[in-house]
There are 2 protein chains.
Amino acid sequence: MAKATIADIAREANVSVTTVSRFINGNYGKMSEATKNRVQETVDRLQYHPRASAQKMRQDHTHVVGVIVADISNVFSSLLFKGIYTELQPAGYDVMLMNSNNSLGEESDEIGRLLSQEVDGLIIQPNARDFSAYASITDNRTPLVMVDRRSEGQPATVSSVTADNRESCLRLGLELARRGYENILPLSRTGSQISAQSSRVEGFQEAGERTGSLVMPMEVGDHGQEWIGKELDRTVSHLKGKTAIISLIGPLLFDLLDVFKGLDWSFPEDIGLVSFDDWSWSRYVGDGIYLLQQDPQALGQACAHNLLEQMGIAAETGEGDPYGASRQITLPVACIEAPSI
Amino acid sequence: MAKATIADIAREANVSVTTVSRFINGNYGKMSEATKNRVQETVDRLQYHPRASAQKMRQDHTHVVGVIVADISNVFSSLLFKGIYTELQPAGYDVMLMNSNNSLGEESDEIGRLLSQEVDGLIIQPNARDFSAYASITDNRTPLVMVDRRSEGQPATVSSVTADNRESCLRLGLELARRGYENILPLSRTGSQISAQSSRVEGFQEAGERTGSLVMPMEVGDHGQEWIGKELDRTVSHLKGKTAIISLIGPLLFDLLDVFKGLDWSFPEDIGLVSFDDWSWSRYVGDGIYLLQQDPQALGQACAHNLLEQMGIAAETGEGDPYGASRQITLPVACIEAPSI
DNA sequence: TTGTACGCGTTATCAA
DNA sequence: TTGATAACGCGTACAA
């Protein structure tokens, strides 16, 4: 027997499809207890589930939200998703998750797929430097929230949720100077055109300008530990005074620890070490590592919350401006002290 | 202007809806270059996207797969998802991801939602001890793959993908005995009715029977580090000979390291320490920790691959048996040696 | 090579 | 309190 439809229920329960539909949607107001029970029984017996796709045809919302993260194997992304999901699920929204792998091409393809799914809203951790890559979304009047990274030329109508990268790095730069560090080496490994790492570098550079310390950003690209070790060794050997190395992205800390071991550097004696986002394991390494830590789950919840607002307004006003609720949201970065500097 | 439909394209391009439909579906066979180009141009200009929900009405597949993981904040789940996604996306399937939070109630609700979405297939990391919780899925003839855990009474028609938990723990138990350990304390923290942890305990118990060593499983439930520390201390102080403590689930290792610090135990001197699934950070702790490591991404790919087979057969044979491809798949657990035992 | 017309399962409108 | 029926956007059998 094929899947039950609303018509099957109606026939079996000796009512009209209208009544069944009302029942499904909880409009018990105009329904006798008797019919209600009869329909209920039939629905259970035939294991009827209303089909989302058929419902979508008659309604202007799908109750599905699309999410595109840059790298799902990074813990940042999974906690971000958890925050999003925690907020959206109780509100009655399902989530389609996609992984762009830090690739512009995959991202673009995925946006198309999600638009085809008629998602009610979209949360993206973007890869493209220029916002034009996302124009199809706004053209579509689909509510959009950007997270973690900002692309250039982003319309004021689009929301943005990021951590306080610049400020936290500025503060850390000042603190390092206060502790007598004269050189700061922020290491980044950027997979895409844009990332939160660049705002972090800016923060350090500002601190350098204010304190007179040397800030020398280093982009390690796809290079392995051997290359990183060589470059670091060469650079540091030319520097006067105390040097601190900053891992601007969580996974890079793994490599740095190996590199330090290879060079036989220990911290904080030979060199200072600070990292972003270790996801709470590094406190078991030696006496712990000084950290700047984002709260990805909070970021996710903020995204979802803002998106719900946008979608709510879109639903209320119909043809109105779905972007009334938009804003730029910045969440704090925690500083976890440890004797690695 | 409202979203473009196939009819809009047809009108603008001066062709019939049939032609547009053929174009969308790549049936260029019966189409002149001229019309093809004209349609192409119009589609681009109006930014037309076919609506998945309308297509679904006319077809018996949605090209959407549902995935329910037990705890998305556990790295196991995110890598599992990555494996699934990596396999399904190129095959043209979108993925709805849900997080059951190790809760039976949420899981049951989520299954209903996914069935309403008419997913073509389902991958679940199950919470319920008894398979009856999933009967609605098989009643629906929706292809299903269970991963990581097995529920009782699972029909032969349902696939299962798990890591080689029992065997790997048996081998480790034997190895521990060989190294002179006389007591093995596997610690588990189970959030749901079933988990992979129980097969692991079985493996150790089998080893205990063979070697004569004492195996004393301990369930720490929701207790905090203080409780764990007290219980461990009390237990170990009563034991003769060398003792090894096993963290049967990755996150528990965090707690154990703190507990060890609190009790001032060091490994391997005072006690042996082994853990499952640290996700590669623990090698920086002291001289590293002995590990049994699953490959969640490989598990995910195996799930997706099997599901694709099931769905392929379902699609081919129409009313035929979609479960022909079903099997029990077991993947190896890697053993990463380190001087913590 | 292109077009017409119907039906998929549901909800909303209107009528009874 | 209930029911009949027209849409929603698309794919396809059949007609031209």
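Quick caveat: nothing in here was measured; it's all calculated off a predicted structure. Below, chain A is the first sequence line, B the second, and so on; all start at residue 1.
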Exercise for review: Could you pull out all residues at least two apart from A:E12 that satisfy side-chain contact (heavy atoms from CB on, under 4.5 Å)?
Suggested key: A:T42, A:R45, A:L46
Check your understanding: NA contact type, A:T35, heavy-atom cut-off 4.0 Å: base, sugar-phosphate, or nothing?
Key -> sugar-phosphate
Check your understanding: Going 5' to 3' along nucleotides 11-16 of chain C, which nucleotides have protein heavy atoms under 4.0 Å from the base (write B), which only from the sugar-phosphate (write S), and which from neither (write -)?
Key -> BB----
Exercise for review: Please determine, for the side chain of B:S16, which listed nucleotide (C:dG3, D:dT1, D:dG3) has the closest atom?
Suggested key: C:dG3
Review point. Rounding to a whole Å, what distance do you find between A:R11:CZ and C:dG9:P?
Key: 12 Å
Check your understanding: Looking at residues at least two apart in the chain, or sitting in another chain, which of them share a side-chain contact (heavy atoms from CB on, under 4.5 Å) with A:S73?
Key -> A:D71, B:L79, B:K82
Exercise for review: With sequence neighbours excluded, tell me which residues meet ring-ring contact (aromatic ring centres under 6.0 Å, His included) with B:Y85.
Suggested key: B:F81
Exercise for review: Could you pull out all residues at least two apart from A:A128 that satisfy side-chain contact (heavy atoms from CB on, under 4.5 Å)?
Suggested key: A:L104, A:E107, A:A133, A:Y134, A:Q193
**Study point:** Test side-chain hydrogen bond (donor to acceptor under 3.5 Å, both in side chains) applied to B:D130 - qualifying residues, sequence neighbours left out
**Key:** B:S132
Review point. Once you round it to whole Å, what is the distance between C1' of D:dC8 and NZ of A:K56?
Key: 14 Å
Check your understanding: Could you state the NE2-P distance from A:H49 to C:dT10, rounded to the nearest angstrom?
Key -> 12 Å
Point to revise | Residues in side-chain contact (heavy atoms from CB on, under 4.5 Å) contact with B:E87, at least two apart in sequence or another chain | key: B:Q301, B:A304, B:H305, B:L308
Practice item. Not counting sequence neighbours, which residues clear side-chain hydrogen bond (donor to acceptor under 3.5 Å, both in side chains) with A:Q47? List them please. Key: B:D139
Exercise for review: Return the value, rounded to whole Å, for the distance between atom CZ of A:F23 and atom C1' of D:dT2.
Suggested key: 16 Å
Review point. Looking at DNA chain C, which of residues 111-120 of chain A put a heavy atom within less than 4.0 Å of it?
Key: none
Check your understanding: Roughly how bent is the helix from C:dT1-D:dA16 to C:dA16-D:dT1 end to end, in steps of 10 degrees, with each end axis from five pairs?
Key -> 40°
Practice item. May I have the distance from B:D60 (atom CG) to D:dT12 (atom C1'), rounded to whole angstrom? Key: 14 Å
**Study point:** Any A:S53 side-chain N or O less than 4.0 Å from OP1/OP2 of C:dG9
**Key:** no
Practice item. Report the distance from atom CZ of A:R38 to atom C1' of D:dT1, rounded to the nearest whole Å. Key: 12 Å
Point to revise | Rounded distance (Å) that lies between atom C1' of D:dA6 and atom CE of A:M57 | key: 13 Å
Point to revise | Set of residues satisfying side-chain hydrogen bond (donor to acceptor under 3.5 Å, both in side chains) with respect to A:S116, sequence neighbours excluded | key: none
Review point. Atom NE2 of A:H61 to atom P of C:dT10: distance rounded to whole Å?
Key: 15 Å
Exercise for review: Evaluate the side-chain proximity of B:E118 to B:H61: yes if any heavy-atom separation is below 4.5 Å, no if none is.
Suggested key: no
Check your understanding: Can you list the residues that meet the salt bridge (charged side-chain N to carboxylate O under 4.0 Å, His left out) rule with A:D120, with sequence neighbours excluded?
Key -> none
Exercise for review: Kindly confirm or rule out a cation-pi arrangement of B:K36 over B:F23, judged by NZ or CZ under 6.0 Å from the six-membered ring centre and within 45° of its axis?
Suggested key: no
